[in-house]
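Let me begin by presenting the structure, written as structure tokens, before commenting on it.
We use all heavy atoms of the structure for the numbers below, so side chains are in, but hydrogens, waters and symmetry mates are not. Reminder, nothing fancy here: chain letters follow the sequence lines and each chain counts from 1.
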Amino acid sequence: MNAMIDISKLNAWFDDNHVLKDVDISVPANGSFGLVGESGSGKSTVLRTVTGLVDDWEGNILVNNKELTGTRDKAFYRLAQMVFQDPFGSLHPRHTIDRILTEPVNIHGLGNSDARVVEALNQVGLDNSFRFRYPHQLSGGQRQRVAIARALILEPKILLLDEPTSALDVSIQAEVLNLLTRLRHDLGLTYIMVSHDLAVVAHMCDDIAIMNHGRIVERATATQLAEGKLDHPYSQQLYKAAAGYDRAVVDSFVDWD
Amino acid sequence: MSNEPLLSVKNLAITFSTPKGPVNAVRGVSFDLGRERLGIVGESGSGKSQTGRAILGLTAPNGKITADQMQFHDLDLRNLTPRAWRKVRGARISMIMQDPKYSLNPVMTIGDQIIEAYREHHKVNAKEAKRRAIEMLESVKIRDPERVFNAYPHEVSGGMGQRVMIAMMLIPDPEILIADEPTSALDVTVQLQVMAILDDLVRERGMALVFISHDLQLVSSFCDRVLVMYQGLVVEEIRASELDQAKHPYTKGLLNCLPKMDGNHAELPVLTREASWAEA
Ligand SMILES: Nc1ncnc2c1ncn2[C@@H]1O[C@H](COP(=O)(O)OP(=O)(O)O)[C@@H](O)[C@H]1O
Ligand SMILES: Nc1ncnc2c1ncn2[C@@H]1O[C@H](COP(=O)(O)OP(=O)(O)O)[C@@H](O)[C@H]1O
Ligand SMILES: [Mg+2]
Ligand SMILES: [Mg+2]
């Protein structure tokens with residue numbers, strides 16, 4: 001067992017709504033796993049269950065060979081951090097970037113916060129002039145860099161990335177995706193990345209799972225995805241849709257709800 | 001598909017006065033619109049929405065519009081009275097926006113809203129209005145029109161909500177439809193289905209469509225012609241089928257920085273902006 005993350009038979013519920021059904025995901029250390037599917041298919045819930053934000057779940061989640069039960073302890077959050085889609089919503093509007101980054105350092109009693117803040121900003125390509133600004137004084141891409149810096153400041157081994165570039169312009173998306181690729185290599189990070197965009201996960205991930213209504217309906221490597229070697233009709237439909245507008249293709253779509 | 005222009009815009013400029021000084025949102029945009037699908041593409045803040053809103057007389061009060069020409073048939077849109085605008089806006093030129101939830105009344109059923117809108121334009125009794133409303137829901141390919149008719153806006157999905165908006169917008173039979181990121185919040189398959197509905201309207205009713213979007217790839221697979229905007233300027237106008245021959249470095253940069261499904265994890269080319277692109 002040398003998987004960094006090993007999820008098996010994960011099921012989750014919101015009241016009577018059974019939103020994850022026997023989800024299995026295994027990610028080797030330093031691997032990058034992509035979860036793709038349409039909205040409501042359960043992608044975020046997978047990440048949120050791992051980070052302890054979902055109460056009602058069954059199955060096994062092993063992170064760094066340790067089984068997760070009950071609430072997550074501090075050690076877990078030093079190991080795994082989550083980055084959300086909306087960098088505005090996830091950064092406190094009235095706190096400076098310095099305070100946003102210092103807070104987790106203090107909570108975890110790591111000390112040396114000054115040097116850590118400088119280092120984390122540096123890692124995401126922001127210079128010191130950003131330190132005492134507020135989130136609203138930054139562009140969308142800069143805010144997402146701050147959110148990534150906040151995740152990195154605890155020196156985690158795992159980043160759980162929930163649509164980290166969906167709210168950004170494509171030119172800024174390219175910069176943030178490049179940053180994430182570089183960080184994974186330089187820091188030996190392990191990723192699970194959620195996206196509704198097939199091309200984004202094909203570009204960022206080695207292994208990809210396609211979700212529909214809480215189930216993984218297909219798995220593919222980036223190469224198989226590139227070649228369109230998909231078996232399940234739902235994944236084929238997503239693949240065709242990613243190619244742009246084609247009247248005949250649209251007419252062939254079936255509803256999956 | 002384009003022929004005689006319905007709308008001719010020349011040198012449109014929009015400047016907002018703000019406490020921090022003037023914001024030149026649109027700086028000399030010109031285009032003719034025929035019975036075609038015209039795309040307007042660019043990054044956020046490039047002036048796409050403001051261009052669309054000016055055509056509908058919806059510029060915010062702190063904005064000042066100048067243009068050498070804004071001609072819609074025999075109407076000069078530059079100096080319409082509010083009363084004259086009401087005869088154009090929604091009736092002859094219509095707009096659909098990104099989020100239908102903001103445009104629909106949350107406490108009224110979808111059916112009642114369609115009927116109300118229909119009876120503003122047509123003198124019919126309640127029974128006939130309902131029949132027409134159901135027909136309209138069918139025309140936007142809603143399979144279960146009775147259910148949607150009786151539903152409240154929050155009870156339908158985003159894609160369904162957007163179809164309802166299109167159905168309502170069609171009531172007065174407009175000649176021009178301005179669609180401002182109408183599908184950006186939708187899943188890609190639903191997005192394409194909504195686009196197919198718009199596509200049919202252009203073909204079957206001879207309507208002109210202005211499709212505003214940040215997604216150059218998508219727009220050029222759909223439209224006949226694309227205007228690429230950068231900082232309030234149209235930096236390139238290109239036939240959608242000739243996108244691969246784009247000349248402006250901004251247009252090329254936007255295409256190159258997209259992740260491709262080629263299994264290649266190499267660095268993505270990033271856009272290096274040149275000051276000269278923003279020079280009028
Ligand atoms: N906090 C919540 N309370 C109730 N239902 C939720 C909650 N979060 C998600 N859901 C439901 O769970 C399902 C999966 O949602 P989600 O994991 O957010 O999907 P995705 O990220 O793929 O769009 C959806 O039906 C959604 O409505
Ligand atoms: N009422 C306003 N006052 C000041 N600036 C505005 C106003 N409305 C829009 N703007 C500015 O105009 C520019 C173009 O906006 P917009 O057309 O909405 O861009 P896009 O639709 O391409 O994202 C932006 O810089 C925006 O901030
Ligand atoms: Mg999600
Ligand atoms: Mg806009």
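Side-chain contact between His265(B) and Asp206(A) is present, with heavy atoms from C-beta onward closer than 4.5 Å. Residues Asp200(B) and Arg247(A) are in side-chain contact: their nearest non-hydrogen atoms beyond the backbone lie under 4.5 Å apart. Between Met261(B) and Leu225(A) there is a side-chain heavy-atom pair separated by less than 4.5 Å.
Taking chain A as the reference chain and counting heavy-atom pairs below 4.5 Å, the highest number among Ser220(B), Ser44(B), Ser221(B) is found for Ser221(B). By number of non-hydrogen pairs under 4.5 angstrom with chain B, the leading residue of Val249(A), Thr223(A), Asp246(A), Leu198(A) is Leu198(A). Put simply, of Gln191(B), Lys141(B), Gln193(B), His214(B), the one with the most heavy-atom pairs under 4.5 Å next to chain A is Gln193(B).
Within a 6.0 Å sphere centred on NZ of Lys229(A), heavy atoms belonging to other residues, nucleotides or ligands number 12 at most.
Pairing each heavy atom of Ala196(B) with each of Val250(A), the nearest pair is CB-CG1, 3.8 Å.
Rounding to the nearest 0.5 angstrom, the gap separating the OG1 atom in Thr183(B) from the OH atom in Tyr245(A) is 11.5 Å.
Of the two parts of Leu192(B), the backbone and the side chain both hold a non-hydrogen atom closer than 4.5 Å to a non-hydrogen atom of chain A. Proximity to chain A (any heavy atom under 4.5 Å) is shown, for Gln217(B), by neither the backbone nor the side chain.
Asn178(A) contributes a side-chain N or O that, together with a main-chain N or O of Leu268(B), makes up a donor-acceptor pair within less than 3.5 Å.
For the residue pair Thr189(B) / Gln237(A), no side-chain donor-acceptor distance below 3.5 Å is found, with atom types taken as modelled.
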